[in-house]
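Here the structure comes first, spelled out in structure tokens, and everything after it is commentary.
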Amino acid sequence: MAAAAMPLDELDRWLQARAERHPTATSLPVLDGYVAAIVAGPVSIGPLDWICPLLAIDADAFNHGGTPEFAAISAVALRHNDITPRHFGSRRSMPTSRMATSTRGRGARDSMPPCG
């Protein structure tokens with residue numbers, strides 16, 4: 001993965017600092033529960049549809065590597081992929097390499113609807 005994912009302790013602090021934006025996840029335990037529900041759910045949900053409200057970010061954050069928002073997105077994708085094999089093998093992993101190369105109209109955003 002080209003972009004560095006935010007370390008989990010930093011992600012936890014980042015989520016708590018964003019509470020005024022009303023993210024779905026305000027701490028790492030809440031994030032883990034939400035991601036586990038996404039993984040175990042009966043339907044597949046596109047990453048923009050759940051990551052944007054989870055972190056209280058705009059869809060455009062997927063297009064700007066090197067930002068704290070993109071580092072948080074990368075961390076969430078890695079958490080998703082850590083949880084997925086425990087339940088389903090690797091068949092439902094998110095394409096983190098495509099997210100890392102996404103820039104202005106290329107990559108993961110092309111195949112996903114806008115959020116919010």
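Here the shortest heavy-atom pairing between F62 and C52 reads CE1-SG, 4.1 Å. Scanning both residues, A25 and L15, for their nearest heavy atoms gives O-CD2, 3.4 Å. The two residues P53 and Y34 have their closest heavy-atom pair at CG-OH, 4.4 Å.
Using modelled atom types, no side-chain atom of R18 and backbone atom of P23 make a donor-acceptor pair closer than 3.5 Å.
Atom OG of residue S74 and atom CE of residue M6 lie 9.0 Å apart, to the nearest 0.5 angstrom. I83 contributes atom CD1, which lies 10.5 Å from atom CD1 of I38 (distance to the nearest 0.5 angstrom). Rounded to the nearest 0.5 Å, atoms CG (D49) and CG (L54) are 12.5 Å apart. The structure places NE2 of H64 at 9.5 Å from CG of D58, a figure rounded to the nearest 0.5 Å. To the nearest 0.5 angstrom, D82 atom CG is 9.5 Å from D32 atom CG. Atom CG of L28 sits about 9.5 Å away from atom CD of Q16, to the nearest 0.5 Å.
W14 places a side-chain heavy atom less than 4.5 Å from the side chain of L55.
Each of D12, V76, T26 was checked for a side-chain contact (heavy atoms from CB on, under 4.5 Å) with L31, and the lone residue meeting it is V76.
Two different hydrophobic clusters hold V30 and I45 under the rule that ILVMFWY side chains link at heavy-atom gaps under 4.5 Å.
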